[in-house]
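Shown next, in structure tokens, is the structure this report addresses.
FYI, the numbering just counts along the sequence from 1.
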Amino acid sequence: MENQASSMTTSIDILIPQGKLALIDDPKTFDIMPMKRKALSLHWEFMFTRPVFQTEDMIKQHQLLQRVAGLIDQGILKTTISEELGKISAENLRFAHQMIESCKVKGKLVLAGF
């Protein structure tokens with residue numbers, strides 16, 4: 001499995017000059033210097049920015065979520081859930097870990113009842 005630094009380097013390598021890199025997660029480390037030569041832009045997406053800062057375009061979040069809901073209703077966007085394993089328990093948690101460690105899981109495993 002690729003480590004995070006290697007994955008970020010690969011992402012930068014495949015971007016075209018003046019390309020854009022978007023992040024939705026928090027990398028533990030991230031050296032932005034390789035982005036300079038290609039004049040790449042870095043963009044963060046955090047779905048709570050608009051409500052937290054009461055931005056002027058707060059309605060945009062509503063519009064985006066409505067659009068996504070419509071795509072789900074049309075069957076264009078589909079869940080990445082591959083299996084629901086039932087209520088969280090020691091047994092189900094062990095089973096979920098075994099499945100993940102097998103490297104054969106595609107999609108998300110779900111445990112309910114948190």
Do other residues, nucleotides or ligands put more than 12 heavy atoms under 6.0 Å from the [atom1] atom of [X]?
{"X": "Gln63", "atom1": "CD", "answer": "yes"}
{"X": "Ile24", "atom1": "CD1", "answer": "no"}
{"X": "Gln54", "atom1": "CD", "answer": "yes"}
{"X": "Ile32", "atom1": "CD1", "answer": "no"}

Keeping the roles fixed (side chain from [X], backbone from [Y]), state whether a donor-acceptor pair exists under 3.5 Å.
{"X": "Lys38", "Y": "Leu15", "result": "yes"}
{"X": "Lys108", "Y": "Thr79", "result": "no"}
{"X": "Lys20", "Y": "Leu42", "result": "no"}

What verdict does the side chain to side chain contact (heavy atoms under 4.5 Å, CB included) test give for Trp44 and Asp26, after you've listed the backbone C-alpha separation in whole Å, the side-chain angles of each residue and the deciding distance to 0.1 Å?
CA-CA 9 Å; Trp44 286 92; Asp26 304 328; 3.7 Å; yes
For the atom pair [atom1] ([X]) and [atom2] ([Y]), what is the distance rounded to the nearest 0.5 Å?
{"X": "Met99", "Y": "Asn92", "atom1": "CE", "atom2": "CG", "value": "10.5 Å"}
{"X": "Gln61", "Y": "Thr55", "atom1": "CD", "atom2": "OG1", "value": "8.5 Å"}
{"X": "Phe95", "Y": "Ser89", "atom1": "CZ", "atom2": "OG", "value": "11.5 Å"}
{"X": "Lys36", "Y": "Ile12", "atom1": "NZ", "atom2": "CD1", "value": "14.0 Å"}
{"X": "Ser41", "Y": "Gln18", "atom1": "OG", "atom2": "CD", "value": "8.5 Å"}
{"X": "Leu77", "Y": "Leu71", "atom1": "CG", "atom2": "CG", "value": "4.5 Å"}

Should Ile100 and Val110 be regarded as members of a common hydrophobic cluster, given that ILVMFWY residues are connected when their side-chain heavy atoms come within less than 4.5 Å of each other, either directly or indirectly?
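Shared cluster, no.
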Is there a side-chain contact between [X] and [Y] in this structure, where contact means two heavy atoms from C-beta onward sitting under 4.5 Å apart?
{"X": "Leu64", "Y": "Arg50", "value": "yes"}
{"X": "Leu21", "Y": "Leu40", "value": "no"}
{"X": "Leu85", "Y": "Glu83", "value": "yes"}

Are His43 and Leu23 close enough, and set up right, to give a side chain to side chain contact (heavy atoms under 4.5 Å, CB included), and what steps lead you there?
CA-CA 6 Å; His43 304 269; Leu23 299 176; over 6 Å; no
For Ala96 and Leu109, which heavy atoms make the closest approach, and how far apart are they?
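Residues Ala96 and Leu109, closest heavy atoms: O-CD1, 3.8 Å.
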Smallest separation among heavy atoms of Lys106 and Ser82, with atom names
O-CB, 2.7 Å
Starting from the C-alpha separation in whole Å, work towards a yes-or-no answer on side chain to side chain contact (heavy atoms under 4.5 Å, CB included) for Ile72 and Val68.
CA-CA 6 Å; Ile72 291 169; Val68 168; 3.9 Å; yes
Hydrophobic side-chain clustering at under 4.5 Å (ILVMFWY, transitive links): who's grouped with Val52? Put none if nobody.
Phe46, Met47, Phe48, Phe53
